[in-house]
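In this text the structure is predicted, and so the values were computed from the model without any measurement.
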Amino acid sequence: VFGKDIKLVLVLNNLSSDRKSIRVDMSASTILYTRRAVAEILKAATSVELGPKQGKQIRVMIPYTHYGKYLTTDKRIQVTALCEVMRSHGLKLLVEKTIILEDTNIIIKVPRRVVVNRAVSLEISYANPLPEPVSRCVLLVTLMNQQVKINLARLAPRERSKIYFEFTPRRAGPLQLQVDFSCDKFSHVKGFVTIAVAPA
């Protein structure tokens, strides 16, 4: 989840009946959706001895403080592990994983019944998932082809807050509401909801 430390486990298994020495070079970078690297956030090397038919786990942690300021709006991190079997004439194995960090920041609560030409109040809840305060918070609400920009107070670390948004639907049928939350430390955290508007 965005804002938390990332914990990974690399599992190595020796399927042969011989002892193996493995050198593992690990790296991680924030990337765009095109897979183009933005910034390297982890570089580590270790060696592992594996007995016959033995398996071992290598635990890796990427703290938020290492990746937070380099993350793009795509919220993607590419992790690679190059495993080289020593004294084996260059036998290598490359393991890659792309991590897409989830947002759990926006929650939109809609009343059970929404009726044409009757004012309705929605609850929009937003949060700061980071271990540090954020300021210049802005909520952009898009509804019925109109955008409303709402400036919000700063949020303390891990704080959740909410506002109430009132509107009057003018026609029956499905209505899509989009919420976009930005601040000085991250941007474009989105939430969507489709509202079923009943006839009067």
- prompt: Between Arg23 and Asp25, is a salt bridge (Lys or Arg N to Asp or Glu O under 4.0 Å) present by the stated rule, with each step listed?
  reply: CA-CA 7 Å; Arg23 178 184 162 84; Asp25 289 303; 3.0 Å; yes
message: Run the side-chain contact (heavy atoms from CB on, under 4.5 Å) test on Thr194 and Leu175 for me, step by step, so that the C-alpha distance in whole Å, both residues' side-chain angles and the decisive distance to 0.1 Å come before the verdict.
response: CA-CA 6 Å; Thr194 299; Leu175 198 61; over 6 Å; no
- prompt: Checking side-chain contact (heavy atoms from CB on, under 4.5 Å) for the pair Cys83/Leu12: CA distance, chi angles, key distance, verdict?
  reply: CA-CA 9 Å; Cys83 307; Leu12 296 175; 3.9 Å; yes
Steps toward side-chain contact (heavy atoms from CB on, under 4.5 Å) verdict (Leu152, Val138): CA-CA 6 Å; Leu152 306 165; Val138 175; over 6 Å; no
message: Run Asp180 and Leu139 through side-chain contact (heavy atoms from CB on, under 4.5 Å) and show every step you take.
response: CA-CA 6 Å; Asp180 187 311; Leu139 211 58; over 6 Å; no
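Ile62 and Ala28 make their closest contact through CD1-CB, 3.8 Å (heavy atoms, listed as atom of the first residue, atom of the second, distance). Of all heavy-atom pairs between Lys75 and His188, the closest is NZ-O, 4.5 Å. Heavy atoms only, all atoms of each residue included: Leu122 and Pro111 are closest at CD2-CD, 3.8 Å. Looking at every heavy atom in both residues, Pro157 comes nearest to Pro133 through CG-N, 3.7 Å. In terms of heavy atoms, Val197 sits closest to Arg171 at CG1-O, 3.3 Å. When all heavy atoms of Cys137 and Ala153 are compared, the pair lying nearest together is SG-O, 3.7 Å.
Follow the hydrophobic side-chain contacts under 4.5 Å out from Met86 and you never reach Leu50; the two are in separate clusters. Criterion: ILVMFWY side-chain heavy atoms under 4.5 Å apart, direct or through other members. Under it, Val38 and Met26 are not part of a common hydrophobic cluster. Cluster annotation: Ile99 is not connected to Leu32 through the hydrophobic network of ILVMFWY side chains, with a link wherever side-chain heavy atoms come within less than 4.5 Å. Linking Ile, Leu, Val, Met, Phe, Trp and Tyr residues whenever their side-chain heavy atoms come within less than 4.5 Å places Val189 and Tyr64 in a single cluster.
In this model, a donor atom of one side chain and an acceptor atom of the other lie less than 3.5 Å apart for Gln78 and Thr98. Residues Ser16 and Asn14 bring a donor and an acceptor atom of their side chains to less than 3.5 Å of each other.
Remark: the backbone N or O of Tyr70 is paired with a side-chain donor or acceptor of Thr30 at under 3.5 angstrom. Judged by distance alone, the side chain of Asn128 and the main-chain N or O of Ala156 form a donor-acceptor pair under 3.5 Å. Side-chain N or O atoms of Lys4 include none that pairs as donor or acceptor with a backbone N or O of Pro63 at under 3.5 Å. For Asn13 (side chain) and Leu15 (main-chain N/O), no donor-acceptor pair under 3.5 Å exists by modelled atom type.
At a threshold of 4.5 Å between non-hydrogen side-chain atoms, the residues Asn117 and Arg170 count as touching. Side-chain contact between Phe165 and Ile108 is absent, with no heavy atoms from C-beta onward closer than 4.5 Å. For the pair Val24 and Leu82, the minimum side-chain heavy-atom distance is 4.5 Å or more. Under the 4.5 Å side-chain criterion, counting only non-hydrogen atoms from C-beta, Ile77 is in contact with Tyr67. Side-chain atoms of Leu101 and Leu71, non-hydrogen and from C-beta on, do get closer than 4.5 Å to each other. The side-chain heavy atoms of Lys92 and Leu94, taken from C-beta on, include no pair separated by under 4.5 Å. At a threshold of 4.5 Å between non-hydrogen side-chain atoms, the residues Phe167 and Val148 do not count as touching. No side-chain heavy atom of Leu140 sits under 4.5 Å from any side-chain heavy atom of Val179.
Environment of NZ in Lys56: crowded, with over 12 heavy atoms of neighbouring residues, nucleotides or ligands closer than 6.0 Å. Annotation for Glu166: atom CD counts as buried by contact number, over 12 foreign heavy atoms lying within 6.0 Å.
Relative ring orientation between Phe186 and Phe181 is described as perpendicular, the plane-to-plane angle rising above 60° on a 0-90° scale split at 30° and 60°.
To the nearest 0.5 Å, the span separating CD1 on Ile41 from NZ on Lys69 amounts to 12.0 Å.
Tested against Ser125, the residues Arg160, Lys109, Lys162 include a single side chain to side chain donor-acceptor pair (under 3.5 Å) partner, Arg160.
We find that Glu96 and Arg35 are joined by a salt bridge, their nearest charged nitrogen and carboxylate oxygen being less than 4.0 Å apart.
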